[in-house]
Amino acid sequence: MDNEAPHINVTQLSVAYGDQWVLKDVSMTVPGGQVLAVIGPSGCGKSTLLRVFNRLVDRVAGVHIKGQVRVGDFEVIGDHVDLVELRQKVGMVFQHPNPFPFSVFDNVAYGPRLQGIKNSTRLRILVENSLKQASLWDEVRGKLRRPASSLSGGQQQRLCIARALAVSPQVLLMDEPTSALDPLSTAKIEELVLTLKGQYTVILVTHNLQQAARVSDFTAFFREGHLVELGPTKEVFTTPRQLATEEFLTGRYE
Amino acid sequence: MKGSTWHGVAVVGSLLTAVLFGILLGDLVWQGLPQMSLGFLWRTPSELTSFGGIGPELLNTLVMVGAASAITIPLGLAAAILRVEYGARPGFLLVFDRMRYTLLSLPTIVVGLMVYEWFIVGLRWPLSVGAGVIALAVVNWPFVVDVSVAALKGVPDSFREASLALGGTKYLTLLRVVLPSALSALVSGLGMAIARLMGESAVLIFTAGINVSRHWGWSAPGETLAVHLWYLRTESVAPHADAQAAATGVVLLLLVGLVLYLTQKLAHWLKPMDA
């Protein structure tokens, strides 16, 4: 039961930086093991939403969160949440590949080592499995001692995915993971997202509408901090219920 | 102006600096040559003969700069960590930075007066190695903090985010990502701070004195190379005092050069894997 990808329930979530509300009364459910694409114009609150799920939003001074977020049975919002436990459950991949200035191996082993795993055989198995899952193993086997920075941008991003997977999360947050990559690397990451589906609940923030259409099961459209529409991707893209969604999808809204 | 023009200006500037430094060094070596011998490095200074050396001054320089660094580096680094990694409250940051800039721009001779007032007059310490160490520590402190703050700020925030997102606590993130990534810049900056401290003289004249004792001790007078150099050129009546001053200058320059060379080498070796 513990390994099953959890549902995510959001109830009346509002988030403010100082007195500026960037997310307003958002309620939604993401079914377990599915890929949810979050789309919307810049500044609509989608990155903030992502950072609420692993509470990385706490790093911003003066942030207020109201409402409830649950990942499986785990309460995300509150003063006494164990952030380490939460972040082991909910992994994240960032917009720009951000490998540590270490070797490929040490990058992937970083998370497990944080948890106190020192046994070298166990670490090697974990690293190999994570790299395989991130479809990077074939490209880096035998080069695990090389600096992560010697990899290409697309490989670095898959390394970051492997690094996140090595902690065995149940949820994977992806914040525009391909916006800094070329089309070929983008295609590889999209393929990878499709293979991760089922095992992980994936939330993918993207500016690339085709990408949302290609990889996601559900799509959520945000505007000015409000959740305008959430539904199966096919429906949202072919028969949107809201005019605003249609305008955004057809490029009539900026 | 075009980029190539600026490049030319930079090349001419560097050449000019190198030539000027070469002339200065050459002049010092030429002047100091009659006094230079291995024995000069360990003999005690003499007012009456031209056979004086700089042994005690060399020892004092090394011990005092070493002790002052040993006190200030851990404390300064800790303050910088508090400022960059934990100083979330804006009021704290403001006060901290203002104090840092004030201390940085304080003339060292004023620091010398302060330490003189408190320790020599107030606590009745002798002009000594110990008082000199305190004075050097006060001078060095803001520089160590500054270098450490710069090194920590040089670590991309994306490293911290990545570590936190993997379930790292703030402390483990600092220990396993931030400090290793900052180490190279830290060593190189601290090397410069130490080298600077070796040439410090104003703060020591009031506090460590312009004498040495035959018997080294924390409460014995603690003239350093830089102070000795100043003394030889202004007060000394020893024969060939100018040549001795030049030779002392050469030794001091070599020492500073050695510190800079070694720390830069170490910094290069410690560079994180992305550079």
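None of the values given here were measured: they were computed from a predicted structure. We name chains A, B, ... by the order of the sequence lines, and we start the count at 1 in each one.
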- Leu166(B) and side-chain contact (heavy atoms from CB on, under 4.5 Å): which partner among Arg163(A), Gln88(A), Gln115(A)? Arg163(A)

N/O donor-acceptor pairs under 3.5 Å from side chains in residues 70-84 of chain A, not counting sequence neighbours:
| residue | atom | partner | partner atom | Å |
| --- | --- | --- | --- | --- |
| Glu75(A) | OE2 | Gln68(A) | NE2 | 3.1 |
| Asp82(A) | OD1 | Val84(A) | N | 3.1 |
| Asp82(A) | OD1 | Glu85(A) | N | 3.2 |

- With chain B, which of Met92(A), Arg87(A), His96(A) has the greatest number of heavy-atom pairs at distances under 4.5 Å? Arg87(A)

- Message: Per the ring pair (Phe, Tyr, Trp, His ring centres under 6.0 Å) rule, what does the pair list look like for residues 109-163 of chain A, sequence neighbours excluded?
- Response: Phe100(A)-Tyr110(A)

- If one checks every heavy atom of Arg113(A) against chain B at 4.5 Å, the contacting part turns out to be both

- Task: Measure Pro99(A) against the heavy atoms of chain B and call it side chain, backbone, both or neither at under 4.5 Å.
- Result: backbone

- Note on the structure: Per-residue tally against chain A (heavy atom, under 4.5 Å) across Pro180(B), Ser181(B), Ser163(B) peaks at Ser163(B)

- Residue part contacting chain B, namely of Ser103(A), when any heavy atom lies under 4.5 Å: both

- Query: Crowded around Tyr17(A) OH? As in, over 12 foreign heavy atoms under 6.0 Å?
  - Reply: yes

- Message: Does Arg98(B) have more than 12 heavy atoms from other residues, nucleotides or ligands lying within 6.0 Å of its CZ?
- Response: no

- Exercise: identify the closest heavy-atom pair between Ala162(B) and Asn98(A): CB-ND2, 3.4 Å

- Query: So which of Glu161(B), Arg160(B), Arg176(B) has the biggest tally of heavy-atom pairs under 4.5 Å with chain A?
  - Reply: Glu161(B)

- Interface moiety of Arg59(A) toward chain B, non-hydrogen atoms closer than 4.5 Å: side chain

- Query: Which bit of Val93(A) is near chain B, if near means a heavy-atom gap under 4.5 Å: side chain, backbone, both or neither?
  - Reply: neither

- Task: Compare every heavy atom of Leu114(A) with every heavy atom of Gly167(B), then report the nearest pair and how far apart it is.
- Result: C-CD1, 4.0 Å

